[in-house]
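Here the structure comes first, spelled out in structure tokens, and everything after it is commentary.
Order of the sequence lines sets the chain letters (A, B, ...), proteins ahead of strands, with each chain counted from 1. Because the structure is a prediction, the values reported are computed rather than measured.
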Amino acid sequence: MKVRELHRWDISREEALEIQRKLAKHLIFQPDFDIKDVKLVAGIDVAFLADKSIASIVVMSFPELEVVEKEIAVVKTNFPYIPGLLAFREAPPIIECAKRIKSEPDVLLIDGQGIAHPRRFGIACHIGILLDKPSIGCAKSWLLGERQGYPPLPPIPKEKGAIVPLSDGKDIVAVALRSAPGKPPIFISCGHKIDLETAIEIVRKTIKDGQRLPAPLLSAHNLATASKKGGQGTLFI
DNA sequence: GCGACAG
DNA sequence: ATCTTGTCGC
Ligand SMILES: [Mg+2]
């Protein structure tokens with residue numbers, strides 16, 4: 001995959017906020033593709049070991065969900081975890097990993113929020129802009145807490161497949177999906193070049209029975225985690 | 001100063 | 001996210 005170099009990464013917290021507000025204006029929430037033409041879906045996640053970040057990308061065929069390509073990249077961690085600025089910690093290793101992927105995924109599934117974000121620019125939006133591809137934010141928890149006017153999360157029905165729209169002010173920015181019974185819901189939001197309906201459909205069709213996360217994302221997570229095994233300070237590659 | 005707060 | 005063994009349940 002080709003990566004667009006839109007800004008530096010050795011920046012301050014203030015500069016990071018400016019970058020998010022600037023890039024958010026370029027987001028597109030209208031797919032320029034038909035879901036029938038989606039052939040490849042990629043899952044993207046990052047794991048950490050000491051001062052290293054291990055990014056992982058697993059590309060699967062759609063809708064068969066067979067692994068077509070997988071890759072990892074190890075990079076020194078250069079930014080702390082700050083709620084709302086996750087991309088500045090995880091995007092660098094993801095970019096390096098994306099450069100090593102030879103195939104061209106049609107859609108990206110990213111571990112984290114899309115527009116369900118204080119500045120409507122979560123990591124899924126950021127990665128979508130950088131790679132210029134449709135992207136979906138698929139998070140395991142909610143970011144917009146009960147602070148500046150954000151309402152508490154509504155109850156999510158326990159029935160498998162239940163969906164609850166989640167708003168930020170007047171806009172529906174995500175949905176909570178009970179992807180697996182007896183497990184917490186996942187939160188789906190638009191990243192870039194896609195709409196919520198299409199995002200939901202792709203997420204649903206990539207989740208295997210009994211699993212909470214989409215297969216490409218689960219595999220990417222497992223690959224990243226497995227890549228740092230072999231000892232308490234060893235990278236297994 | 002304290003609480004909230006993706007991963 | 002990470003630090004961590006065994007244990008309960010399907
Ligand atoms: Mg993650």
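With respect to the salt-bridge test (charged N to carboxylate O, under 4.0 angstrom), the residues A:Asp106 and A:Lys133 do not qualify. At a threshold of 4.0 Å, the pair A:Glu18-A:Lys22 does not count as salt-bridged, since none of the basic side-chain nitrogens sits closer than that to a carboxylate oxygen. Note on A:Asp168 versus A:Arg120: salt bridge recorded, some NZ/NE/NH1/NH2 to OD/OE distance being below 4.0 Å.
Among the atoms of the strands shown, only primed sugar atoms or phosphate atoms (P, OP1, OP2) are found under 4.0 Å from some heavy atom of A:Ala47. Using a 4.0 Å heavy-atom criterion, one finds that A:Phe48 contacts the sugar-phosphate atoms exclusively. At a threshold of 4.0 angstrom between heavy atoms, the contacts of A:Leu85 include nucleobase atoms, whether or not backbone atoms are also involved. Residue A:Gly137 is out of contact with every strand shown, counting any heavy-atom pair closer than 4.0 Å. Within the 4.0 angstrom heavy-atom criterion, base atoms lie near A:Gln113.
Closest non-hydrogen pair, A:Asp195 versus A:Pro31, comes out as OD2-CD, 3.2 Å.
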message = Once pairs are restricted to Watson-Crick or G-U wobble with both distances under 3.5 Å, how does DNA chain C read as a dot-bracket string, [ ] for crossings and | for other-strand pairs?
response = ..........

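A:Arg89 has its CZ atom 11 Å from the P atom of C:dA1, to the nearest Å.
With C:dT2, C:dA1, B:dA6 as the choices, the nucleotide that has an atom nearest any side-chain atom of A:Lys228 turns out to be C:dT2.
Between A:Tyr81 and B:dG7, a base-stacking contact is recorded: ring centres under 5.5 Å apart, planes less than 30° from parallel.
Within 6.0 Å of atom NZ in A:Lys140, more than 12 heavy atoms from other residues, nucleotides or ligands are found, so the atom counts as buried in its surroundings.
By the side-chain hydrogen bond (donor to acceptor under 3.5 Å, both in side chains) test, A:Glu69 pairs with A:Ser103, sequence neighbours left out.
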